[in-house]
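Right, one structure below, let's go through it.
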Amino acid sequence: MQETRLDTARIRAARRVIDPVFLDTPLYRCEALEPGLGCTVSIKLETANPVRSFKARGTEVVASLLADKGSRAVVCASAGNLGQALAWSGRGRGLDVTVVASRFATRAKLDRIRALGAGLELVDGDHEMARERAAAVARYDGIRLVEDSLDIETCEGAATIGLELVDTVPSFDTVLIALGGGALATGVGHVVKALAPGVEVICVQPLGAPAMTHSWRRRRVVTTDSTNTIADGVAGRHPIPAVLDDLLLVADDAVLVQEASIIAGMRMLLDHAGLVVEPSAALGIAAILEDRDRFAGRHVVTIVCGSNVDVDAYHGWVGAAPILGS
């Protein structure tokens with residue numbers, strides 16, 4: 001395999017600085033899902049931690065390095081999950097954390113960022129506008145800007161999930177990974193291709209936020225003017241070139257799924273796995289629903305990457321959702 005920006009030795013070392021509460025998350029076969037999906041399904045549950053998403057694996061690495069260097073302030077842009085994670089990791093290491101987010105972000109995520117003690121600045125635009133504002137704050141205040149997916153620590157923290165997959169699952173054929181900025185996909189993809197190269201790495205993105213998938217398919221950065229998806233955690237418009245370069249080396253495919261499939265996936269995870277998840281976390285199930293023949297007879301691992309969801313919105317989506325193909 002050609003080399004990505006990531007380093008497997010650093011990924012193993014990252015496990016030593018990540019709080020154990022975020023490591024070795026549940027991984028299990030969910031037989032109740034299988035009749036409706038037509039394949040063997042294992043779940044890697046990245047919601048069973050204090051911030052209810054995988055993001056803290058990366059922010060733990062970032063915050064540890066900053067604390068070692070004597071830094072005391074940091075800023076990031078976030079759709080909600082990264083902000084919570086950085087607030088949690090920074091609080092434990094005495095860092096002054098500022099999070100810039102869209103005022104249209106999920107309220108539960110914004111409330112949790114505040115509760116964890118971070119400063120929260122809201123912008124009247126989408127996540128890309130929040131990224132621009134966070135960069136401006138970092139320049140003006142002379143503090144560290146954490147850029148999800150671009151900063152290698154965020155990718156290598158997420159990559160520890162890959163170590164746990166290849167070390168514990170007896171055998172699996174495919175891993176389905178939610179694709180947004182790319183930290184999760186490039187991190188897990190790097191480890192899987194390095195240590196279990198026969199496993200197919202498939203990235204999944206909403207049809208309403210396709211920038212990174214289009215970029216992967218065309219092998220160059222493709223931007224979009226807007227997004228239209230309930231999966232706010234993966235709704236980026238401007239892929240990062242260095243991240244795309246890594247993704248091109250580790251992803252076997254990138255697919256787009258419809259909103260109805262995402263909602264049906266959320267409903268299946270509730271009904272058959274007892275899991276309340278945010279839309280981004282149901283992308284893997286959505287991909288299977290849309291192409292059962294492709295996955296028939298395979299053992300598929302899907303990473304359930306977050307469960308920070310607005311309760312009213314969740315009930316609105318899932319309460320009215322039929323199960324596709326039922």
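Keep in mind it's a predicted model, so treat the numbers as computed, not measured.
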message: Quick check on E200: does its CD atom have over 12 non-hydrogen neighbours (other residues, nucleotides or ligands) under 6.0 Å away?
response: yes
query: So does D148 pair up with K55, basic N to acidic O under 4.0 Å?
result: yes
query: Charged N to carboxylate O under 4.0 angstrom, E156 versus R10?
result: yes
Carboxylate-amine/guanidinium proximity below 4.0 Å for D151 and R144: yes
field: Side-chain donor or acceptor of E60 paired with backbone N/O of D19 under 3.5 Å
entry: yes
side-chain hydrogen bond (donor to acceptor under 3.5 Å, both in side chains) between T229 and E259, worked out: CA-CA 7 Å; T229 179; E259 297 295 290; 2.8 Å; yes
Electrostatic pair R15:D24 at N-O distance under 4.0 angstrom: yes
query: Do R52 and E278 meet the salt-bridge criterion of a basic N to acidic O distance under 4.0 Å?
result: no
message: Could you report the tightest heavy-atom contact between C39 and F295, atom names first, then the distance?
response: CB-O, 3.1 Å
message: Within a 6.0 Å radius of atom CZ on R217, are there more than 12 heavy atoms belonging to other residues, nucleotides or ligands?
response: yes
Greater than 12 external heavy atoms within 6.0 Å of D141's CG: yes
field: Closest non-hydrogen atom pair, S280 against A178
entry: O-CB, 3.6 Å
